[in-house]
4 protein chains.
Amino acid sequence: MTSAGPASPPATARGRRTRSALLAAGRELFEECGFSAVGIDAVAQRAGVSHGTFYTWFDSKEMLLREIISEVAADIFSATSIGSRLPADAAYARIEAANRSFLRAVTRHSRILRVLDSLADTREDFLRLRLEIRESFVQRGMEGLIRLQELGLADPQLPPRATASALGAMVESFAHLWQDPVEGLDEAAAVDVLTRLWAGAIGLAPRAWPGGGRAGAG
Amino acid sequence: MTSAGPASPPATARGRRTRSALLAAGRELFEECGFSAVGIDAVAQRAGVSHGTFYTWFDSKEMLLREIISEVAADIFSATSIGSRLPADAAYARIEAANRSFLRAVTRHSRILRVLDSLADTREDFLRLRLEIRESFVQRGMEGLIRLQELGLADPQLPPRATASALGAMVESFAHLWQDPVEGLDEAAAVDVLTRLWAGAIGLAPRAWPGGGRAGAG
Amino acid sequence: MTSAGPASPPATARGRRTRSALLAAGRELFEECGFSAVGIDAVAQRAGVSHGTFYTWFDSKEMLLREIISEVAADIFSATSIGSRLPADAAYARIEAANRSFLRAVTRHSRILRVLDSLADTREDFLRLRLEIRESFVQRGMEGLIRLQELGLADPQLPPRATASALGAMVESFAHLWQDPVEGLDEAAAVDVLTRLWAGAIGLAPRAWPGGGRAGAG
Amino acid sequence: MTSAGPASPPATARGRRTRSALLAAGRELFEECGFSAVGIDAVAQRAGVSHGTFYTWFDSKEMLLREIISEVAADIFSATSIGSRLPADAAYARIEAANRSFLRAVTRHSRILRVLDSLADTREDFLRLRLEIRESFVQRGMEGLIRLQELGLADPQLPPRATASALGAMVESFAHLWQDPVEGLDEAAAVDVLTRLWAGAIGLAPRAWPGGGRAGAG
DNA sequence: TATGAATGAGAGTTCATTCAT
DNA sequence: GATGAATGAACTCTCATTCAT
């Protein structure tokens with residue numbers, strides 16, 4: 001996780017308030033307009049401070065974004081690391097729980113993550129940041145898959161890393177596309193579909209499915 | 001598909017050459033640096049003409065990108081519409097063929113598609129363009145799924161549109177992550193994994209798999 | 001009168017036609033948009049020839065204007081030099097005739113004269129051109145005034161040159177303000193007012209007025 | 001009168017100084033070179049600031065001009081609205097006073113008014129501004145004429161509006177032509193001539209003239 | 001003669017950043 | 001800490017003019 005220190009840490013209550021206001025204003029504006037379309041003027045104005053004050057708290061526009069993203073990353077990390085305290089045989093339920101919390105986390109930060117994406121395209125450091133965020137979820141999926149393969153509950157021919165990458169991307173992309181309850185799917189339904197797809201994809205054994213197997217297909 | 005007409009079409013061979021050179025230079029630079037980091041000067045210089053000449057052929061930087069993307073879109077459309085002349089029962093093979101050509105097409109244009117992505121974030125018109133490009137593949141996947149569901153060869157509980165969206169996103173995202181033969185997967189292996197995931201995800205019936213079923217799992 | 005030679009004189013009928021078309025197009029556009037807002041492109045396009053052809057016939061945009069103005073100047077000169085063959089005692093009628101023809105001439109060329117004005121402001125050569133055009137009318141007014149003063153028919157205290165300048169400017173300005181039949185005055189009425197003002201201004205003796213004097217004023 | 005607000009009003013003495021310097025520099029340069037020939041760089045340089053600073057105080061070159069002209073307009077308005085506290089029978093003296101102050105005001109701003117003229121030719125908004133400036137003087141002349149006509153002291157056949165327009169234009173044009181003490185006329189003489197012409201033009205009754213009538217003519 | 005592509009100086013404008021107060 | 005004025009590099013775009021064909 002990249003550290004994104006302030007120009008100098010706030011020493012007073014007023015300083016803390018100003019800094020937070022800038023952080024919040026920046027996040028809102030980046031989400032609304034993207035990175036390059038947002039000027040320092042706009043950030044300062046929305047935070048209710050003058051132009052120059054921005055540089056009291058941040059070294060640059062980029063550092064502001066970096067710090068915003070740090071917060072987002074921390075939130076996503078915590079979303080992907082909790083849970084998993086389910087009994088080992090409840091594979092399906094664990095996948096479902098993981099999908100739900102990741103879907104929620106990504107949806108919550110969808111817009112700012114896309115801002116990050118657009119910078120990750122050309123900037124090495126942001127790319128690393130981007131991959132780190134994904135990694136926590138992918139890692140977890142990979143470990144789960146390996147365990148299931150070892151237990152003979154998942155298709156042993158699947159390469160764990162690539163599989164987790166692909167399925168992680170599936171969930172994440174879906175979260176972005178799904179912005180608002182598009183396609184008539186509420187969260188529960190979305191999680192349901194994604195989990196069925198995931199479970200099927202890794203060939204999760206019928207006895208590990210809720211109801212003991214998959215309905216309908218041959 | 002948005003039309004992206006030139007200021008005026010070239011009337012001479014020299015004009016055609018210059019225009020192409022600008023198009024090629026633009027594509028290279030956008031891929032290397034992203035949209036906003038590329039100046040007209042750089043494009044003109046790489047094309048070997050003066051910067052004023054750029055405006056002989058394009059109304060703006062944006063129009064240049066639009067035209068580049070038109071070419072990309074056309075290429076992806078053709079990649080996703082050919083084939084599928086396999087016998088109706090060879091479901092797995094058809095999915096595999098579709099995945100292969102889409103994976104190839106997206107990989108081929110990976111960088112420029114990400115440039116498009118970054119603009120799609122804040123610009124309505126580019127977003128539409130982006131969705132159109134995806135749509136051709138999603139549409140095809142959806143139709144295939146519906147047919148299989150009707151034949152009783154795929155999980156009937158899956159909502160076709162959302163499923164095709166999610167799986168399409170999986171393939172596309174994988175293509176982006178997979179930039180260079182990362183993870184030790186060559187194209188054949190990548191297509192194999194993705195197709196296995198896809199087939200499993202939709203619950204493709206064992207008798208439609210190559211070898212009559214999936215190895216190993218439960 | 002400033003000569004405004006072409007880059008080279010037209011040697012063929014086609015050449016003559018092209019040249020005229022450019023001249024006409026230039027005049028129309030200058031009148032519609034002013035000098036600096038008109039591009040060579042626009043002139044060429046309206047004349048129905050290609051961009052580069054313009055320079056076959058004119059050295060520069062400025063030379064085009066110069067030539068257009070030459071035509072205008074010639075027209076105004078002829079308008080201010082004809083007539084005056086009225087009997088010497090018909091002073092009022094002569095003033096009226098001069099005013100009418102000048103008013104007409106200026107009205108006819110009102111817009112292009114203002115284009116000239118705007119350049120005359122900062123360009124010595126155009127200023128000279130501008131003054132020359134005025135001069136023909138002023139000169140005539142001055143000579144008339146001197147004759148009338150000598151005959152004891154006009155206020156002898158008026159300095160001829162300044163008086164003719166001021167009254168000439170009055171007629172000319174009126175022509176510009178009067179663009180279209182504004183103020184409900186038709187040409188006859190306008191000429192009538194201007195002539196009454198002129199005659200009164202120079203103190204034209206009552207016996208030289210139509211009807212032997214001015215109505216009403218004590 | 002069009003308002004021409006700054007981007008934001010200066011909050012410090014330094015800001016006020018800079019803004020004034022830009023205004024003064026702009027006025028000088030517009031007067032010397034005309035509007036379109038003056039670049040922002042030149043204005044900034046003459047004001048002794050960097051060109052970016054210009055945009056701290058003005059939104060555009062056009063707005064700079066607009067503000068300069070606002071000042072001019074205000075000055076001319078005040079010049080044409082004061083005075084007229086002379087006894088009602090002193091018609092000639094009142095005309096003379098009005099002519100003097102208008103002549104002075106226009107002379108003072110001659111060059112910038114011509115810049116305005118050149119823009120008024122093609123730009124609706126500047127035209128309106130131009131007419132407003134004239135209007136204050138014309139209006140006053142018209143009202144004066146009507147009163148004199150009612151008192152039987154001026155030619156009743158003259159249409160007030162057109163008459164005031166024409167005579168106003170006479171004075172204004174004279175001011176422009178008269179740039180420097182050309183024609184050997186000093187201000188007093190110029191005012192004298194213009195007032196004689198004006199008084200004669202409207203047929204001001206002899207008893208209202210200084211000395212009880214006009215010397216010499218018929 | 002006519003064409004249309006190429007040129008490049010120069011325009012107006014933006015904005016991240018610096019700094020004296 | 002906060003302010004707001006100043007900076008200047010960089011940007012997109014225009015257009016009068018040149019010239020090979």
N/O-N/O pairs, protein side and nucleotides 4-7 of chain E side, under 3.5 Å:
unit_1 : atom_1 : unit_2   : atom_2 : d
dG4(E) : N7     : Gly52(C) : N      : 3.2
dA5(E) : OP1    : Ala11(B) : N      : 3.0
dA6(E) : OP1    : Thr18(B) : OG1    : 2.3
dA6(E) : OP2    : Trp57(B) : NE1    : 2.8
dT7(E) : OP2    : Ser50(B) : N      : 2.8
dT7(E) : OP2    : Thr53(B) : OG1    : 2.9

Task: Gln45(B) atom CD, over 12 foreign heavy atoms within 6.0 Å - done: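 Check fails, neighbour count at 12 or below.
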Euclidean distance, atom [atom1] of residue [X] to atom [atom2] of [N] [Å, nearest integer]:
X	N	atom1	atom2	result
Arg17(D)	dG4(F)	CZ	P	17 Å
Met63(D)	dT13(E)	CE	P	11 Å
Phe58(B)	dT14(F)	CZ	P	15 Å
Leu64(A)	dT17(E)	CG	P	11 Å
Asp41(B)	dG10(E)	CG	P	15 Å

Open item on the list: List the residues meeting side-chain hydrogen bond (donor to acceptor under 3.5 Å, both in side chains) with Arg27(C), not counting sequence neighbours, and say none if there are none.
Closed with: Glu31(C), His109(C)
Task: Nucleic acid contacts of residues 21-40 of chain B, taken as heavy-atom distances under 4.0 Å to DNA chain E - done: none
Between side-chain atoms of residues 32-44 of chain A and protein atoms elsewhere (two or more places apart, or another chain), which donor-acceptor pairs fall under 3.5 Å?
unit_1   : atom_1 : unit_2   : atom_2 : d
Glu32(A) : OE1    : Arg46(A) : NH2    : 3.3
Glu32(A) : OE2    : Arg46(A) : NH1    : 3.0
Asp41(A) : OD1    : His51(A) : ND1    : 2.5

TODO: Can you see which heavy atom on Leu65(B) is nearest to which on Ile112(B), and at what distance?
DONE: CD1-CD1, 4.4 Å
Task: Heavy-atom closest contact (Trp57(D) atom, Thr18(D) atom, distance) - done: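 Smallest heavy-atom distance, with atoms named: NE1-CG2, 3.6 Å.
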Does [X] use its side chain to pair, donor to acceptor, with the backbone of [Y] at less than 3.5 Å?
X	Y	value
Arg128(D)	Ala120(D)	no
Thr53(D)	Val49(D)	no
Arg111(B)	Asp121(A)	yes

TODO: Give a yes/no on whether any side-chain N or O of Tyr55(D) is located under 4.0 angstrom from OP1 or OP2 of dT14(E).
DONE: no
Open item on the list: Walk me through whether Met63(C) and Ser60(C) qualify under side chain to side chain contact (heavy atoms under 4.5 Å, CB included).
Closed with: CA-CA 5 Å; Met63(C) 184 187 265; Ser60(C) 68; 3.8 Å; yes
Task: Residue met sooner reading DNA chain E from 5', once Glu62(A) and Lys61(D) are mapped to nucleotides - done: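 Comparing both residues, the 5'-ward one is Lys61(D).
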Task: DNA chain E base-pair string [pairs: Watson-Crick or G-U under 3.5 Å; |: paired with another strand] - done: .||||||||||||||||||||
Task: SB check Glu71(A) Arg66(A) (cutoff 4.0 Å) - done: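 Result for this pair is no, no salt bridge flagged.
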Task: Partner residues of Arg130(A) under the salt bridge (charged side-chain N to carboxylate O under 4.0 Å, His left out) criterion, sequence neighbours left out - done: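 Result, salt bridge (charged side-chain N to carboxylate O under 4.0 Å, His left out) vs Arg130(A): Asp117(A), Glu172(A).
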